[in-house]
Amino acid sequence: MNNPDAASTADSKIERAISENHPALITYVTAGDPSLEDTKAYVEALDRGGADLIELGLPFSEPIAEGPTIQAAINRALEAGTTPDGFFELVEDLETEAPLLVMTYYNMVLQYGTGEASRVSDSRAVEPRDGPDVRPFVERAAEAGLAGIIVPDLPAEEADPLREACDDHGLDLVFIVAPTTDGERLERIMSQVTGFAYVQARLGTTGARADVSGATHESLERLADYDVPKAVGFGVSEGAHATEIVEAGADGVIVGSALIDIIASSDGTDEAVGALEAKAAELKAGALDGVGDPGGTDRDAPEPEHP
Amino acid sequence: MSTGDQTDRRDSEATFGEYGGRYVPEALMPAILELEDAYERYVLENEDGFMDEFRERMREFGGRPTPLQRADRLSERYDREIYLKREDLLHGGAHKLNNALGQVLLAKYMGKERIIAETGAGQHGTATAMAAAHLEMPCEIYMGRTDINRQRPNVYRIRMNGAEVNSVTAGSGTLKEAINETMRDWATTVETTHYVIGSVVGPHPFPKLVRDFQSVIGKEAREQVREQAGRLPDSVVACAGGGSNTMGAFHAFVPDTDVDLYAVEAGGSSLEIDEAEGLAPNSATLSTGTDGVLHGAMTKLLQQRDGQIVESHSVSAGLDYAGVGPELAHLVDTDRVTPVSVDDETALEGFHRLSRLEGIIPALESSHALGYVEEAHEDLGELVVVNVSGRGDKDLETVLEETEKRDLEAAPDVEVFTSE
């Protein structure tokens, strides 16, 4: 598990979920938007609809990698009082076939546990606030049953402490590969990534778009020789996008903002639940359409032939 | 561009003790490494005569060196020698031009086509817009809505120089939100655009790059004080928000361990954090913050126990920030810099006092440093250098409004202004 040269792990829940359900649908929602109770219903709807992996956002007040849609969702979740402890309790409550990952910013990982220690302490002089540490978060994530972690503001250069803690607790650490990533940095990321490589389809922040970026194809080509599943996100909103991305050679398709749009525009929880389940089904069907051989599950298969 | 060996060496140079680093989205990393390469070549090694051109332009366009002025009335008042480093006399009216001109010129050397920047008080936005106009670069400035309202003169100046002002409405509409939005723009346009960070904050190499451009303040002051007073000062006092004028004033004095360095933060109305509301009625990060990661660096932050960043407050928009430069955090931890703070009222008193006694209207940021000298002059030694980081024209509306609410000893009767 601690082999940095072959970070991809044989017993990864995430890798298994992707290979068994190839091409995989990976969905994102922000936990607590608009409440943790609603999030439970939404995640279970996505699971029923066909999501093979589910990313749950733990909201951070300064989400610099997100576009307006997810930023607004994070604001709603924070206004609803979403806390890390509430988040982990939600994870424990959820019953899904799809493994769950947490997506959050590094400061949230660093601070977890440190504040609580001093808050319950009667004497701050005896027990001062601990310094930031990634381990309490990773321990709690593993205990709650999460399969992996994505931290968009943690580049591979700074990730050693989190990488080690994740290895110790059997969690995957997913890294993002951007259209600007190549050469030595690409090597470095791919040697650290476990679960899947999150291929950022275009420069910029998250957000639903009307088309699939040309950068997707180039990024997937650069990654072709690495034996880790590759999933494409940033801008994916429709079944047809999923088809195109899988045709381009991706093992998975990641959808976030398009789902948040549904949550934000629905008239009540029930309507959102129905719409999310239907959207997941559409996206999963779209992804399956991208596979040339409908029975094939070998992600190393050559480019599918179009009929 | 870089070998594996270089990458390892760079990593160790990216931090100040436990602070600093590069905590940014992957899309920005290549640009940050490219900037680091440019920093080493052009700034540290003067490749293609970059630093020569920068210094020449700072002289001709910027008006350097700025004077170190003996403040006669203050010296008399406190019965010690008070010298003012007059960065308010720099072109644009604040120390910000040192960094803005340096970075816009660097962007030009790097072949970038567009400049973006964030601004709080508007001084950095103004300086960047001026530098961009001077060097013929298109420029967009992100500014929080609250700050736009309280710093209108600078909004006009930015526009006069041909730059766009993008209003940021998220959160409390101050510097923190403006930085978030500028980072988002940069993540989309990183291949052609340079982000001129306005303080010694952000991912490596920004804290060092900005410090190096600003270090001219302390270098000049150190030479000037030796020439004019015959010795080094007992203390140097500068206000600290993000910390660019602070690091600029302090850097040359750091090895002079007999010189005490005081970073004066905005104490606002109270030093406590309201955890329930997620608010700090202050911006005293060095004095009260805890370690964490914000805007690309590990540093001291105003944050809740679970890691959410709180909204800071200062009567001065330029100090209103929940983070602080990582090098400054390190200098505080190693006891080289003493963090202190004064409240809004003391800063306003400082503003009025300098205006009336010395004929210098200081920025509200600098007024914190002046307020601290009033409070603590007996502890500052016989020879004190205060960095007047900028002029206060931009703050007049705020000062009138805030003065009217209070009974301030040093203030003129502001009803005369507001009734007109």
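By convention in this document, chain letters (A, B, ...) are assigned in the order of the sequence lines, proteins followed by strands, and residues within each chain are numbered from 1.
- Nearest heavy-atom pair across A:Thr180 and B:Pro30 is O-CG, 3.3 Å.
- Surrounding CD of A:Glu92 are more than 12 heavy atoms belonging to other residues, nucleotides or ligands, all under 6.0 Å away.
- With values rounded to the nearest 0.5 angstrom, A:Ser61 atom OG is found 9.0 Å from B:Gln303 atom CD.
- Between the CD atom in B:Glu26 and the CD1 atom in A:Ile189 there is a gap of 3.5 Å [rounded to 0.5 Å].
- Residue-environment remark: CZ (B:Arg145) stays at or below the threshold of 12 foreign heavy atoms within 6.0 Å.
- Only the side chain of B:Leu301 comes within contact range of chain A, with at least one heavy atom under 4.5 Å from a heavy atom of that chain.
- Of all heavy-atom pairs spanning A:Asn107 and B:Val293, the tightest one is OD1-N, 2.9 Å.
- For A:Pro179, no part lies under 4.5 angstrom from a heavy atom of chain B.
- Counting heavy atoms from C-beta on, the side chains of A:Arg185 and B:Leu33 come closer than 4.5 Å.
- Contacts between A:Gln200 and chain B at a heavy-atom distance below 4.5 Å involve the side chain alone, from C-beta outward.
- Residue B:Asp291 holds its CG atom at 12.0 Å from CG of A:Asp133, rounded to the nearest 0.5 Å.
- Rounded to the nearest 0.5 angstrom, A:Tyr105 OH and B:Leu294 CG are separated by 12.0 Å.
- B:Gln308 approaches A:Met108 most closely through the heavy-atom pair NE2-CE, 3.4 Å.
- Nearest heavy atom pair, residue B:Pro25 against residue A:Ile64, reads CD-CD1, 3.7 Å.
- Across every non-hydrogen atom of B:Tyr23 and A:Pro155, the tightest pair is CA-CD, 3.9 Å.
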Steps toward side chain to side chain contact (heavy atoms under 4.5 Å, CB included) verdict (A:Glu157, B:Met29): CA-CA 10 Å; A:Glu157 282 83 348; B:Met29 281 299 293; 3.5 Å; yes
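- For the atom pair B:Gln304 CD and A:Thr83 OG1, the distance stands at 11.0 Å (nearest 0.5 Å).
- Using a 4.5 Å cut-off between heavy atoms, B:Ala170 contacts chain A through its side chain alone, with no backbone atom that close.
- For the pair B:Asn180/A:Gln71, no side-chain contact is recorded, criterion being any heavy-atom separation below 4.5 Å from C-beta on.
- The distance from the CD atom of A:Glu62 to the NZ atom of B:Lys176 is 3.5 Å, given to the nearest 0.5 Å.
- A distance-only check finds a donor-acceptor pair linking the side chain of B:Arg184 to the backbone of A:Glu66 [under 3.5 Å].
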